[in-house]
Amino acid sequence: MLLLFVLCATYLASLAQYPPISHIETNNVRATILGNGTCFVPQQGTYYEEWQESHGDCPTWEVPQGSGKETVFQLALWFGGLDTDDSLHVAAFQYGQVGMDYWSGPLKPIEGTTDLMTSLKFHRVWNLARAEIDQFIANHDNSNYVILEDILTWPAHGVEGYAENLAPFVDVNGDGRYNPADGDYPDIKGDQCLFFIFNDNYARHTESGGTPFGLEVQTMVYAFDAPDDEAVNNTVFFNYKIYNRSSSDYHEVYLGIWNDWDIGYGWDDYVGCDVQRGSCFGYNGTPVDGQGQPWAYGDNPPVQVCAVLAGPYMEADGRDNPAFEGDCEALFDETYPLNKYAYNGFNFGNGIVDDERLGLCGFIYKNNFNATGIPDYPPDCYNYLRCIWKNGNHMQYGGNGFGGAQMVGPECNFAYPGDSDPCNFGTNGIAPNDGFNTGDKYWTEEQNENQPSDRRGLATIGPFNFASGSMHELDCAMITVWKNDSQSAMERKGAIIDHIRDLFNNNFGK
């Protein structure tokens, strides 16, 4: 009997190590999403073997759907910050090759802990379409109507000892409890939505080696079926509500979005960023993608953008910080140090005090080798989140940002920004190269004559404080941009990003 119990416990514990999986596939993108917030499958165990077998038919970020071609190899969240003793905490998932930092389910408030059975209870991804919700609203009181499992089991409430309210829902009768029999239904975004909850404190961080925070992340991934709007029809949106369920207050916290772009053939890529539009992107470093492989895009490679629409909340300063209206000097007014984040932030100048949210604060790239490569230890992850290389040196403007003759300085927070930072937000108002020759020396991979290869990048947001019991939020979008008859994908991407940001800023016209 004891042996049977041990075997069952071992099986359940091993199951918790492998996140549930589902797909967003309502528009031109078919994205494989895991219940630990990542895109792609951990490179260990059953899931990876299954993905390997089906890779030709089911890429992780297939665009267009049915093409067998993909633009994203991996997408995940990173966190790094200090507690009141200045001890470092890190949660940073890459590929799952050596372990895990995230697991299914919520955490107990203040305790910041969970258990195996709770983790398994939430070990799933809820997948619902707008049409299914509408059908429920029209038919829920019909005795012949069978309510969908994902509506019946929508995780609106935590189990005993956990937060009372979790997944959002429309409370038709106003009693505060989710009950589909009363007509209550999930409150989803988009025309298709995935919802799941993950945390960083079920077990040790065997991927990053970092000390856990005690974070619970309620995630909604959504997309719109919009054949008449090319930009929206090639975009997947992410909303993360991030709760500090621990008893610790954290400071100097940074949040990162880890991107491993593979634009079809993954060894001929470049990366860059658009500072004012709060975006980073991967694109082909050669005119033709690949050498005829079936997964390569050939002569029509897209640009894959990761756009930060709205990040964590700024510290309260009792003001409605003004929107940026082109005055670079006003950005760096020492009297109001938070003004500068209006450059690409959210909710500035909207008439509401202290609802401002940070935008993209930095972008650093990674290679597969040397001091610009994969982090080895938790401090390496935290350094990358602050745009600092593994050797402790801050990234510098120009060249490869690490060293060499083409590096002109000063310290900067955005790699390969091109001409997207006329106010020098990324260099804290200091003109690169002391202001000499920057007009025709915008920093890009092309300008630096880099050899295209396999590129990764980390979009970073911070610093911010994260008090015990508080919540921060992140909204971002993965946008695939294509060329048209008159412009390349790189030439079009600015207008496409603007369109997506405008829709988000206006709550998608609702």
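At a threshold of 4.5 Å between non-hydrogen side-chain atoms, the residues S87 and T211 do not count as touching. When side chains are defined from C-beta on, L474 counts as touching L77, because their heavy atoms get closer than 4.5 Å. When side chains are defined from C-beta on, D299 does not count as touching P287, because their heavy atoms never get closer than 4.5 Å. F348 has its side chain out of reach of P322: every pair of non-hydrogen atoms, C-beta onward, lies at least 4.5 Å apart. At a threshold of 4.5 Å between non-hydrogen side-chain atoms, the residues Q447 and Y442 do not count as touching. With a 4.5 Å cut-off on side-chain heavy atoms, M478 and N259 count as touching.
Contact record, V275 with P417: CG2-CB, 3.8 Å, taken as the closest heavy-atom pair. Shortest non-hydrogen contact noted between P212 and N201 is CB-OD1, 3.3 Å. The two residues Y102 and A92 have their closest heavy-atom pair at OH-N, 4.0 Å.
Salt bridge annotation for D475-R357: present, with a cationic side-chain nitrogen under 4.0 angstrom from a carboxylate oxygen.
Here the two rings, on F508 and F237, have centers that are under 6.0 Å apart. Taking the six-membered ring for Trp, F346 and F504 have ring centres closer than 6.0 Å. For Y365 and W389, the ring centers sit closer than 6.0 Å to each other. For Y270 and Y283, the gap between ring centers is short of 6.0 Å. Taking the six-membered ring for Trp, W443 and Y397 have ring centres closer than 6.0 Å.
In this structure, H472 and F466 have perpendicular ring planes: the angle between them is above 60°, well past the 30° mark. Relative ring orientation between F213 and H89 is described as tilted, the plane-to-plane angle lying within the 30° to 60° band.
Cys pair C280/C273: SG-SG separation is not below 2.5 Å.
If you run side chain to side chain contact (heavy atoms under 4.5 Å, CB included) between M314 and each of N347, L358, N465, only L358 comes through.
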- Residue pair D320, E356: steps toward the side chain to side chain contact (heavy atoms under 4.5 Å, CB included) verdict: CA-CA 8 Å; D320 171 28; E356 296 88 358; 3.6 Å; yes

- Take M407 and F402 through the test side chain to side chain contact (heavy atoms under 4.5 Å, CB included) and record every step on the way to the result. CA-CA 8 Å; M407 193 175 73; F402 181 77; 5.6 Å; no

- Query: Checking side-chain hydrogen bond (donor to acceptor under 3.5 Å, both in side chains) for the pair N28/N234: CA distance, chi angles, key distance, verdict?
  - Reply: CA-CA 5 Å; N28 201 37; N234 284 282; 2.7 Å; yes

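Side chains of N448 and N450: a donor-acceptor N/O pair is present below 3.5 angstrom, by distance only. Counting only N and O atoms by type, the side chains of T38 and N36 include a donor and acceptor under 3.5 Å apart.
Considering only residues two or more places apart in sequence or on other chains, Y297 meets the ring-ring contact (aromatic ring centres under 6.0 Å, His included) condition with W482.
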